[in-house]
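All remarks here apply to the structure that follows.
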Amino acid sequence: MEDKLDLKNVKQRINHIEEVLSSVAAGDLDVRVDSTVEDDLTGIEEAINILIEDLTYELKQSINMQNDLQEKLKKIQDQQKTIVQQQEDLMELSSPVSKVWDNILILPVIGTLDSQRTQIMMENLLQKIVDTGCTMAILDITGVPTVDTQVANHLLKTVTSARLLGADCIISGISPAIAQTIVHLGIDLSIIRTKATLQDAMIYAMKQNKKSDALITSNLDEIEEREE
Amino acid sequence: MQAFEYDSDWTELGVYPVKTENDIVRVRQMARQYAKNFRMGIVEQTRITTAVSELLRNMYQYANGGEVTINQGYVEEHNALIFTFEDQGPGIENLDLAMSDGYTSGGGMGYGLPGAKRLVDSFEIRTETNTGTLIRLMKWK
């Protein structure tokens with residue numbers, strides 16, 4: 001029997017091989033060629049089985065790889081979402097308004113002034129003016145890299161509305177480059193009191209404080225004198 | 001609308017879509033970076049960035065966004081940084097009026113277009129109602 005072809009079963013066996021191969025082609029990788037006898041055809045049958053094994057292995061690998069890639073993609077998408085979220089958070093960072101001295105508020109503005117942020121900034125400032133009764137507010141724009149017409153417009157509006165509440169605004173921190181650019185743009189900011197640095201603005205505000213204090217004292221003295 | 005002519009010797013540095021306010025900030029920062037790489041001084045950097053910012057805002061506000069192309073090239077015996085803004089917006093109805101100081105159709109200060117023109121060395125604009133607007137800025141080195 002060995003090394004000889006069992007002619008009786010050979011057609012049946014070849015049919016079986018054909019069946020297995022077509023199953024594999026259709027995607028079923030669990031089938032194997034069953035060989036009961038050992039002869040010349042057995043080598044082919046075994047080779048086919050090995051091929052199917054290899055194919056199964058490769059397929060598994062590529063499925064794993066695909067899953068890996070999909071996982072990575074999902075991770076990247078998540079990261080992107082976080083970045084966008086953080087960007088939005090940064091844009092919305094409301095500017096803190098703090099009282100630094102008697103009668104003096106400071107509002108440091110950092111980053112980009114879009115309409116939404118300016119709205120928040122303006123609301124904060126106006127509310128704080130009402131709450132504290134301060135009559136001087138310093139807007140420091142050292143941290144604003146670009147002042148275009150929209151930013152200038154926002155600043156003007158903020159200053160004007162603060163004035164309606166009885167507070168004078170000083171804008172500080174305009175760099176030489178930005179100053180030249182504002183002039184070339186043609187924007188007139190002369191109605192706003194500006195100082196080069198926050199320090200200058202602070203000194204000016206404190207002097208104004210003293211003046212108004214002196215004024216109040218002298219007025220009170222006058223009133224007292226009259227009453228006497 | 002007739003497109004601008006491009007010199008084949010120009011190097012394209014980037015094409016950026018403008019859809020959101022974040023894009024304005026991003027493209028503006030790119031503009032500043034390119035100006036810096038171009039060895040422009042801080043004043044020139046600020047000027048070009050501000051001009052770009054004005055046009056980006058117009059694009060965002062009036063035309064619902066658009067696209068910016070940044071090129072580097074040799075124009076009229078100068079090394080130039082070239083910004084091309086293209087949008088498919090409503091176009092500018094009265095260009096002479098839009099280019100005059102203090103005129104605004106959208107509640108701004110009315111210094112955007114004329115201001116941007118004053119900040120750069122070359123300013124070309126083409127616009128067609130209901131088709132879009134094409135603006136090209138150049139800044140010599």
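What you are looking at is a predicted structure, and each value in this text was computed from that prediction instead of being measured. Letters A, B, ... are given to chains in the order of the sequence lines, protein chains preceding strands, and every chain is numbered from 1.
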Return the [atom1] to [atom2] distance between [X] and [Y], rounded to the nearest 0.5 Å.
X: Gln180(A); Y: Glu44(B); atom1: CD; atom2: CD; result: 8.5 Å
X: Asn58(B); Y: Asp148(A); atom1: CG; atom2: CG; result: 10.0 Å
X: Asn153(A); Y: Thr104(B); atom1: CG; atom2: OG1; result: 8.5 Å
X: Glu54(B); Y: Gln150(A); atom1: CD; atom2: CD; result: 8.5 Å

Exercise. Look at atom NZ of Lys117(B) and say whether more than 12 heavy atoms of other residues, nucleotides or ligands are closer to it than 6.0 Å.
Key: no

Practice problem: Decide if atom CG of Asn64(B) counts as having more than 12 heavy atoms of other residues, nucleotides or ligands within a radius under 6.0 Å. | Solution: no

Quiz prompt | Proximity breakdown for Arg118(B) and chain A, heavy-atom pairs closer than 4.5 Å | solution = both

Quiz item: Side chain, backbone, both or neither: which part of Ala116(B) has a non-hydrogen atom closer than 4.5 Å to chain A?
Solution: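 Contact with chain A involves the backbone of Ala116(B) alone.
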
Quiz prompt | Single hit among Gln29(B), Arg32(B), Gln45(B) for side chain to side chain contact (heavy atoms under 4.5 Å, CB included) with Pro145(A) | solution = Arg32(B)

Self-check item: Side chain / backbone / both / neither for Pro176(A) at chain B, heavy atoms under 4.5 Å
Solution: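 Pro176(A) has no heavy atom closer than 4.5 Å to chain B.
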
Quiz item: By a 4.5 Å heavy-atom criterion (distance strictly below it), what part of Ala152(A) contacts chain B: side chain, backbone, both, or neither?
Solution: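 Looking at Ala152(A), backbone and side chain both touch chain B.
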
Quiz prompt | Note, Leu119(B) side chain near Leu185(A) side chain (heavy atom, < 4.5 Å) | solution =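 Yes. Closest side-chain heavy atoms under 4.5 Å.
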
Quiz prompt | Considering all heavy atoms, the nearest Thr149(A)-Tyr111(B) contact | solution =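 Closest approach of Thr149(A) to Tyr111(B): CG2-CB, 3.7 Å.
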
Quiz item: Which heavy atom of Val147(A) sits nearest a heavy atom of Thr50(B), and at what distance?
Solution: O-CG2, 3.5 Å

Quiz item: Taking it one step at a time, do Thr46(B) and Ile178(A) satisfy side chain to side chain contact (heavy atoms under 4.5 Å, CB included)?
Solution: CA-CA 7 Å; Thr46(B) 310; Ile178(A) 286 182; 4.0 Å; yes

Exercise. Mark yes or no for whether Arg47(B), through its side chain, and Thr181(A), through its backbone, hold a donor-acceptor pair below 3.5 Å.
Key: no

